[in-house]
Number of protein chains: 2
Amino acid sequence: MKYQKIPEATIRRLSRYSRCLEEMEEKGEKVVSSAQLANKCIVNAAQVRKDLAYFGEFGIRGVGYYVRDLLNNIKKILGSNKEWRMALIGVGNLGSSLLAYKDFLKQNYTIVAAFDIDPPKVIGRVSEKLGKPVEVFHINRIKEVTKERKIEIGLIATPPSEAQSVANLLVEAEVRGILNFAPAQITVPEGFVVKDVFFTIILDNLAYLLSN
Amino acid sequence: MKYQKIPEATIRRLSRYSRCLEEMEEKGEKVVSSAQLANKCIVNAAQVRKDLAYFGEFGIRGVGYYVRDLLNNIKKILGSNKEWRMALIGVGNLGSSLLAYKDFLKQNYTIVAAFDIDPPKVIGRVSEKLGKPVEVFHINRIKEVTKERKIEIGLIATPPSEAQSVANLLVEAEVRGILNFAPAQITVPEGFVVKDVFFTIILDNLAYLLSN
DNA sequence: TCAATTTTGTGACTCCTTTCACAAATTTTG
DNA sequence: CAAAATTTGTGAAAGGAGTCACAAAATTGA
């Protein structure tokens, strides 16, 4: 295993493999071949092996991969073997739904604080919907609270016009990872990471495929 | 302009160009060069020209592109110059938030019906949050209602265990486009299109980048 | 024990995407 | 009006990513 730049597509596939392996583990399957895993994830078997080869040798020739073992290794590679503490900024329509979207909570990604320009109004609305409400702070407390609660990822769910200034606040608070749901291009300094979730881009993509 | 397979990345970029051009049009800018547009979208200028070249010649040498003109052309290419009527299936946490997520409504993508296994409970909850509530039907009326309301895209926001059977219903109802928010692999016949929105894959991606 | 079988890990090849570089077309300037 | 400047469109080159094919390693079975 020599150093190489790892394709982003490989990382996305590892995430899929991870999910499939979890299912397999639940079903009590002990061993899996690259062909079986590939089949389940709808990719090429050589692709699975190549993806893994970027990070080491995890299989046994003639046998395959031990499910639990491979899963642990992939989680270690992805960094998904730890709890990630997240902050939500913007508790409007989209924001409050992210709070309510329990799929996050099952995983190792947890929203441990939320911020808004108008927190009191929002607390009521949120706690109404949730068993275990997330505390909503005024936006001007971001730096203080993210430090205190060891927050590493920020979810931007504000209107697009506010996205960049919220990103700036997160940068100032040294929150290095940003997941941006606001349909706006935001920029951050070296060392910070932004991933966008733009529903409209995906819908446009679907529209294109349906029109052709 | 001869026929070629068009990269999916090109389509995604066209969607970004479209957004940028809309902003420019709002600002009253009439003409834009590939370099300016590229700069705004953080891509290479040659990339912009190559992407457009798949579909024709839209610029004027020595001048650039007319903003409105290019925007219209891109929308025509993407199929985003028409209204797309969508159905939401699964009005739980995620689903009701998609209903509330106004960004859809501003655009040419509209949710015109929703479905659930337990519609009455859900209607109350949704209308509470919305000015203009979307009618929620029992899931067994999908075929009838999608036909009646000319629905072309289905949003799956059910628990993962139900995703495939909902997809099957949509296929049966000849809803050719599916946007799948449920973290489950679904398969559809030739001629149908599925796009996945898996938050956990994106988060895993972020986690990886933050860990390395 | 050893041949047959299975399955990984990986070099080589193919295919696809991006970037470069420049001719062609248009506008601007003197 | 002609030379300089601008900017597109595109063939060619470079750079990645995915697939193939096979040697190497392990297991199974006779």
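Below, each value reflects all heavy atoms present in this structure, side chains not excepted, and no hydrogens, waters or symmetry copies. In what follows, chains carry the letters A, B, and so on, assigned in the order in which the sequence lines appear, proteins first and then strands, with residues in each chain numbered from 1.
Residues B/Phe115 and B/Val166 fail the side-chain proximity criterion, which asks for heavy atoms closer than 4.5 Å. Residues B/Ser15 and A/Tyr208 have side chains not in contact (no heavy-atom distance under 4.5 Å, counting atoms from C-beta outward). Side-chain contact between A/Ile202 and B/Leu179 is present, with at least one heavy-atom pair separated by less than 4.5 Å.
With rounding to whole Å, A/Leu14 atom CG is found 14 Å from D/dA17 atom P. Atom-to-atom, NZ of A/Lys50 to C1' of D/dA21 comes out at 11 Å; the value is rounded to the nearest Å. Between B/Arg13 atom CZ and C/dC16 atom C1' the separation is 12 Å, expressed in whole Å. Taking atom CD of residue A/Glu57 and atom P of nucleotide D/dA23, one finds them 18 Å apart after rounding to whole Å. If you take CG of A/Leu52 and C1' of D/dA17, they are 16 Å apart, rounded to a whole angstrom. With rounding to whole Å, B/Asn39 atom CG is found 16 Å from D/dT7 atom C1'. Distance CD (A/Gln47) to C1' (C/dT10): 14 Å, rounded to an integer number of Å. If you measure from atom CG of B/Leu37 to atom C1' of D/dT6, you get 17 Å, rounded to the nearest angstrom.
Side-chain atoms of B/Asn168 and B/Glu172 include no donor-acceptor pair closer than 3.5 Å. Between the side chains of B/Thr10 and B/Asp51, at least one donor-acceptor pair of N or O atoms lies under 3.5 Å.
Across its full length, the helix from C/dT1-D/dA30 to C/dG30-D/dC1 shows an angle of 0° between the axes of its 5 terminal pairs at either end, rounded to 10 degrees.
Side-chain proximity of B/Ala9 to C/dT18, C/dG9, D/dG18: nearest is C/dT18. Here C/dG9 is the nucleotide among D/dG11, C/dG9, D/dC20 with the atom lying nearest to any side-chain atom of A/Arg49.
Contact annotation: B/Ser34 reaches the phosphate of D/dT8 (side-chain N/O to OP1 or OP2, under 4.0 Å).
Contact annotation for B/Ala35: no contact, since no heavy-atom pair falls under 4.0 Å across all strands.
Residue order along DNA chain D, read from the 5' end via each residue's closest nucleotide, puts B/Ser33 first among B/Ser33 and A/Glu8.
Side-chain atoms of A/Trp84 never come within 3.5 Å of backbone atoms of A/Ile111 as a donor-acceptor pair (strictly under, hydrogens ignored). Formation of a donor-acceptor pair under 3.5 Å by the A/Arg85 side chain with backbone atoms of A/Arg149 is found in this model. With A/Asn180 contributing its side chain and A/Ala184 its backbone, the two residues share a donor-acceptor pair below 3.5 Å.
A side-chain contact (heavy atoms from CB on, under 4.5 Å) with B/Tyr66 is found for exactly one of B/Leu71, B/Val32, B/Val31, namely B/Val31.
Shown for residues 58-72 of chain B: residues whose heavy atoms fall under 4.0 angstrom of DNA chain D, namely B/Phe58, B/Gly59, B/Ile60, B/Arg61, B/Gly62, B/Val63, B/Gly64, B/Tyr65.
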